[in-house]
Amino acid sequence: MRVRSGWGTFAVLAAAGAVLLTGCQGAPGGAAEEDGRAGGPATATVSPPRPSGYGAVFLAVDECSSFGRTSFTEVSCTSERAAARVVARHDGTVRDGPHCPATTDFVLHIHEQRPSSDEDGDGAVPRGYACMRHLQPPHPGDPGGGGGPRTIVGDCVYDLGDGKVRETACDGSGRREPEFEVTKAVDDRSDCPASTALYVRLGGTTPVGCARPV
């Protein structure tokens, strides 16, 4: 499949991910919050690449994108405009598809695009998502970084009230001070250490995060 430059634009969502609270110690269950960690999700536009040898598949693994608050474009990874690299690429939606790698910095959600006319009839970009990693620090997806689409061991969160939490930088550089740190990922709450004060839903093969006060 080749991506043509005349297809127009792709609407994407640069999702920063969500921290999901499953309950405090001694409390039943909890609510889930699905908004961005850095002020909520931002809408952006992705422009399809022009033929240049790096765009046979739109935002394939190891390809790069430019970065901006309003638009993303596939560019050569050697370009001075390159800002982030694709570390994983999946069709479908994040909700139904595989998890991004643990230290993914952000996710690009690519809407399905089918051109009304195409020279060779093979032009189509399926709905999917690209897991992105910045080429240069800082990396919000790293443990304690305060962002990224996944909550992992080493991340810190603060209490929003009403059974909700949100991730923040463990070093205190975020807008809010950290209150809890995820110290362990386990299969079940009963596997958490006695010092656990909060249980955070992580997903994956070990879905429960054991968090202690900081």
Side-chain angles (χ1 to χ4, degrees), residues 12-44 67-70 72 83-85 87 94-95 99-109 129 131-214:
V12 303
L13 178 67
V19 179
L20 306 180
L21 171 65
T22 60
C24 295
Q25 191 172 22
E33 176 171 354
E34 300 202 22
D35 58 0
R37 296 179 183 169
T43 300
F67 186 76
R69 295 185 64 85
T70 59
F72 297 81
R85 186 185 301 272
V87 295
V94 172
R95 181 182 298 273
H99 287 293
C100 282
T103 56
T104 297
D105 287 330
F106 65 98
V107 177
L108 293 182
H109 295 255
Y129 55 99
C131 309
M132 309 297 294
R133 175 86 172 167
H134 294 311
L135 295 179
Q136 301 293 333
H139 294 289
D142 283 350
R150 295 185 59 184
T151 304
I152 59 178
V153 172
D155 281 340
C156 293
V157 299
Y158 63 91
D159 187 6
L160 285 173
D162 195 27
K164 300 176 182 178
V165 297
R166 182 174 293 171
E167 189 176 332
T168 189
C170 288
D171 63 4
S173 62
R175 290 183 296 176
R176 292 284 299 270
E177 290 292 322
E179 296 177 354
F180 303 91
E181 180 182 355
V182 179
T183 59
K184 191 175 183 180
V186 297
D187 294 326
D188 189 82
R189 292 186 183 188
S190 61
D191 298 324
C192 285
S195 60
T196 300
L198 191 74
Y199 303 97
V200 180
R201 187 180 305 156
L202 304 181
T205 57
T206 47
V208 178
C210 313
R212 62 172 179 79
V214 296

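None of these values were measured; they are calculated from a predicted model. Counting from 1, the numbers follow the sequence of the chain as shown.
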With a cut-off of 3.5 Å and sequence neighbours excluded, list every side-chain donor-acceptor pair involving residues 177-186.
residue	atom	partner	partner atom	Å
Glu179	OE1	Asp159	N	2.9
Glu181	OE1	Arg212	NH2	3.3
Thr183	OG1	Cys210	O	3.2

If you compare all heavy atoms of [X] against all heavy atoms of [Y], which two are closest, and at what distance to 0.1 Å?
X      : Y      : answer
Val87  : Pro101 : CG2-CG, 4.0 Å
Glu167 : Tyr158 : O-CE2, 4.1 Å
Gly141 : Ile152 : O-CD1, 3.7 Å

Would you mind reporting whether [Y] and [X] have side-chain heavy atoms less than 4.5 Å apart?
X      : Y      : result
Cys100 : Val107 : yes
Arg175 : Thr168 : no
Val157 : Leu198 : yes
Leu160 : Val165 : no

Practice item. Spell out, as yes or no, whether a donor-acceptor pair under 3.5 Å connects the side chain of Asp155 to the backbone of Gly144. Key: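 A pair under 3.5 Å: yes.
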Check your understanding: Between Thr104 and Arg150, does a side-chain contact (heavy atoms from CB on, under 4.5 Å) hold up when you go through it step by step?
Key -> CA-CA 8 Å; Thr104 297; Arg150 295 185 59 184; over 6 Å; no
Practice item. Could you list the residues that satisfy side chain to side chain contact (heavy atoms under 4.5 Å, CB included) with His139, not counting sequence neighbours? Key: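 Scan of His139 (side chain to side chain contact (heavy atoms under 4.5 Å, CB included), adjacent residues dropped) gives Asp105, Arg133, His134, Pro137, Asp142.
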